[in-house]
Amino acid sequence: QVRLVESGGRLVQAGASLELSCTALGRTLNWDSVGWFRQPPGKEREFVAGVSRSGASTDYADSVKGRFAISKEDYKHTVFRRMNRLTPQGPARYYCAARQEPVSSRVRRAYDDWGQGTQDTVST
């Protein structure tokens, strides 16, 4: 198991950019693929982006393709997720999750470890 800590969430205006990070404590993420999920209040947690163990392969939900970028820096035990041209939406909590598999998954139950999430809101 690995403890994951997300950070970077905040209130931003539509059109702005925001970077979230997910840091592993206690060990590296060298053997993990990582996914980011988003959960608005009262709704299901949904896949947003994922990165493979090697960092060479990424996957994005259609709604964020072309605007979000996920990258993995193993030596910092961190996965970054850059979000550009944010669209107006209410508050949501962003979670990162890790699994010791070569590639990420869009399925929540495929992940073994989850962080506590970081909150952000995109205002009009």
Could you tell me whether Glu6 and Arg93 make a salt bridge, using a distance below 4.0 angstrom between a side-chain N and a carboxylate O?
-> no
Pick one: which of Leu29, Asp32, Ile70 meets side chain to side chain contact (heavy atoms under 4.5 Å, CB included) with Val51?
-> Ile70
Val2-Val103 co-clustered via ILVMFWY side chain contacts under 4.5 Å = no
If you group Ile, Leu, Val, Met, Phe, Trp and Tyr by side-chain heavy-atom gaps below 4.5 Å, do Phe37 and Val48 land in one group?
-> no
In Å and rounded to the nearest 0.5 Å, what is the [atom1] to [atom2] distance from [X] to [Y]?
X      : Y      : atom1 : atom2 : value
Asp113 : Arg3   : CG    : CZ    : 12.0 Å
Leu18  : Gln13  : CG    : CD    : 13.0 Å
Glu101 : Tyr111 : CD    : OH    : 10.0 Å

Partners passing salt bridge (charged side-chain N to carboxylate O under 4.0 Å, His left out) against Arg106 (at least two apart in sequence or in another chain) | Asp59
Mind checking what makes salt bridge (charged side-chain N to carboxylate O under 4.0 Å, His left out) contact with Glu19, not counting sequence neighbours?
-> none
Please confirm whether Arg45 makes a cation-pi placement over Tyr95, using NZ or CZ under 6.0 Å from the six-membered ring centre and within 45° of the ring normal.
-> yes
Ignoring hydrogens and angles, tell me if any N or O in the side chain of Ser104 forms a donor-acceptor pair with the backbone of Ser33 under 3.5 Å.
-> no
Can you check whether Arg53's main-chain N or O pairs, donor with acceptor, with Lys72's side chain at less than 3.5 Å?
-> yes
Search all heavy atoms of Tyr60 against all heavy atoms of Ala49 and return the closest pair with its distance.
-> CD2-CB, 3.6 Å
Is any side-chain heavy atom of Asp120 less than 4.5 Å from a side-chain heavy atom of Val12?
-> no
Under 4.5 Å between any side-chain heavy atoms of Ser105 and Phe47, yes or no?
-> no
Using a cut-off of 6.0 Å, state whether more than 12 heavy atoms not belonging to Gln119 lie near its atom CD.
-> yes
Per the side chain to side chain donor-acceptor pair (under 3.5 Å) rule, which among Arg38, Arg108, Gln39 passes with Glu44?
-> Arg108
Under 6.0 Å between ring centres, would you say that holds for Phe68 and Trp36?
-> no
